[in-house]
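The chains referred to below are lettered A, B, ... by the order of the sequence lines, with proteins before strands, and numbering in each begins at 1.
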Amino acid sequence: MKRTHHCGELRRSDIGSTAILNGWIDSVRDHGGVLFVDLRDREGVTQVVFNPHRSDAISQTLHQLKPESVIVVKGSVTERENDAINPRLATGEVEVHAESWTMLNTSQTPPFPIEDLKGDRVNEDLRLTYRYLDLRRPKNLAVLKRRHRACKIIRDYMDEEGFIEVETPMLFKSTPEGAREYLVPSRVNPGEFYALAQSPQQFKQMLMVAGVERYFQLARCFRDEDGRADRQPEFTQVDLEMSFIDREDMYALIEGMMQRLWKGLLDVDLDLPFERLSYEDAMNNYGSDRPDRRFGLKLADLNDIFKGSHFNVFNRVIESGGHVKAINAKGLSDITEGELKYLTDMATAMGAKGLAFIRARKNGPWKSPILKFFSDAEIAALRERMEIEEGDLVFFMAAGWERACSILGKVRLEAAELLRKRGKLAIDPSVWDFFWVIEFPLMVFDDEADRFVSAHHPFTAPLVEDRHLLDEDPKLARGQHYDLVLNGMELGGGSIRIHQPDLQQKVFEEVLQLPKEVIEDRFGYMVNAFRYGAPPHGGIALGLDRIVGLLCGTGSIRDVIAFPKTQRGQCLMSSSPGPVTEKQLRDLHIRSRVVEKPRR
RNA sequence: GGGGUAGUAGCUCAGUUUGGUUAGAGCGCCGGCCUGUCACGCCGGAGGCCGCGAGUUCGAGUCUCGUCUAUCCCGCCA
């Protein structure tokens, strides 16, 4: 019996016809004389009615109907009586009266309910162990469909824009200055290793040298870093690169892609172009290079107020070139001791010496460990600048500019969360705050390594007007780098690249101070390639999992990956990673130092 | 590597504050009844290494220490 319809298909117009359905038994309601089965497939649910009085053949077998078993059923499509119509079901105006049915496969009782609402509350590790059952839930199948839709929209759009999809190797070589990598031992090259590509970066630039002009790929990338809700050890990037373009071309291209995605999947019209925010402004106002601007609580700079202050802690920082910044967590003066300690611990963990505050209590004087050091003029200026009212809580941070900003930026997010829990701050879920963050510093000084390291990667071109700074004061040079941010989340980033071999060599040698043989070994082929007529080019990589996660309204990208890994990088369903045999290791010319196998 | 939260029946949880009889509920499961349900209803039943291991105690689901797992965060993510 071949299926004639999917379970979400039958309508009033089908009444009178005969239908054959395949599917899983969603629920059974046995009334003795009549038995209702909700039959489910990937397209929906149809009610099938079994009447034991119709035939003995059917009545003999009805006890076999159990949830999650797979059946094929043939029957007549029948109108439902008025009071039997189920308005919550797309097929709710009809039902199929079974004439015959066959069990295709029985199911054991599932370990958790295959339902959208109840299933959501089940422990995630159990659901991941039985991911094939978890994915059966309509809401999860809908996510897979939605991800497919997003990919199709992206591919169609890129095709229209003249891009060629090219696959690049996943087996690459180790590039230790980036993220930690997954190493793959080479059997035929004893003692040597591949690394799984953390991105197709170098290959896509070579494609530009090759004259591809417009490349894209939905590229799987691998990074052996610790997990987060928005990170997986393997993830997918919308990776692309273009020749003969400037930053404006890139902005327009990506904005068009986002517009098409949001229209196609959410029927939301995005306003173009997206705003652009300099790194400096983002840090100054929000303390983050990917600020969530859907709520206020902006940072303020207090250097002008406290310059020459008698409060030495502030004055000393200002005189040594640092900044005093503050944030008013409006309405949070009822913060608990525990919450305050949490914020302070967080700030000190990020390198703060402490977290000074003023509590403008209701019905009482301000409470603060530092207020006594302030002059009356300073207090008055502070009250005006920070717009302090009863019930407010103001946090201070005095440190180097970047550190002061980023610590208060984190305090800002936590304070917003505390306010949200109290019902004093609400974020409109219909707001899509897209914007570009631009003019990042090209490099940052790494205290640990005692040298400059690339803020993005060493192939990012400096702003034309900042190029002379590479010689004069590298830390002031800004790069032609851009990050796409949405609602406080980094969706992706990229840059216009260096295409001149001399400049690239200079960045490696003089700015990043990499040894010559390291440059030659790791990047020699790139610099060499640039000597053969490399076109000016630039690119970007967007986190597809994050984008789909936002389009699906899920909190974690695990929800939009068919078979995700846990925070420790394990697949609970297939139990990977797992041990290998001694022979396998020998063939690969490696020896494990772990004597006892880890218990699982 | 560090900090927080959680772990009790197949699932979701209560019980832990103040140690004390036989560890409970809802859903699911099994059996019976029921011809219009769609969270069907009614009757009955089975089901527990209270994550694991030590310790304190006459006595531990409950207190202490350790450990494992998941998750959130910091570090990390060119």
Discussion item. Please pick, from B:C72, B:A70, B:U12, the nucleotide with the shortest atom-to-atom distance to any side-chain atom of A:Arg568.
Written reply: B:A70
Worksheet item: Using a cut-off of 4.0 Å on non-hydrogen atoms, how would the nucleic acid contact of A:Arg558 be classed: base, sugar-phosphate, or nothing?
Response: sugar-phosphate
Practice prompt. Grab the CZ-C1' distance between A:Arg121 and B:C13 for me, whole Å please.
Written response: 8 Å
Item to complete: Name the nucleic acid region contacted by A:Thr175, choosing base, sugar-phosphate or nothing; use a 4.0 angstrom heavy-atom cut-off, strictly under.
Response: nothing
Item to complete: Pick the P atom in B:A46 and in B:G24, then give their distance to the nearest Å.
Response: 13 Å
Worksheet item: Rounded to the nearest Å, what distance is computed from the CG atom of residue A:Leu572 to the P atom of nucleotide B:G7?
Response: 19 Å
Practice prompt. Taking only Lys NZ, Arg NE, NH1 and NH2, and the carboxylate oxygens of Asp or Glu, determine whether A:Lys341 and A:Glu337 approach each other closer than 4.0 Å.
Written response: no
Practice prompt. Summarise how protein sits on nucleotides 27-36 of chain B as a single string, 5' to 3': B when a protein heavy atom is under 4.0 Å from the base, S for sugar-phosphate-only contact, - for no contact.
Written response: S-SS---BBB
Practice prompt. Check whether the side chains of A:Gln513 and A:Glu509 place a donor and an acceptor atom closer than 3.5 Å, and report yes or no.
Written response: no
Worksheet item: Between B:C76, B:G10, B:C73, which nucleotide has the shortest distance from any of its atoms to the side chain of A:Arg231?
Response: B:C76
Worksheet entry | Touch class at under 4.0 angstrom, heavy-atom based, for A:Arg228 against every strand present | base
Practice prompt. Assign A:Arg223 to base, sugar-phosphate, or nothing according to its heavy-atom contacts below 4.0 angstrom with the strands shown.
Written response: sugar-phosphate
Discussion item. Would you measure the distance from the P atom in B:A6 across to the matching atom in B:G48 and give it in whole Å?
Written reply: 27 Å
Worksheet item: Which is true for A:Gln198 with a 4.0 Å heavy-atom rule: it touches a base, it touches only sugar-phosphate, or it touches nothing?
Response: nothing
Worksheet item: Looking across every strand, which nucleic acid part, if any, lies under 4.0 Å from A:Leu126 by heavy atom: base, sugar-phosphate, or nothing?
Response: sugar-phosphate
Worksheet item: Closest to the A:Asp125 side chain: B:C38, B:U71, B:U69?
Response: B:U69
Worksheet item: Of the nucleotides B:C72, B:C77, B:C74, which one has an atom closest to the side chain of A:Ala349?
Response: B:C74
Fill in: Between B:G2 (C1') and A:Gln567 (CD): distance, integer Å
13 Å
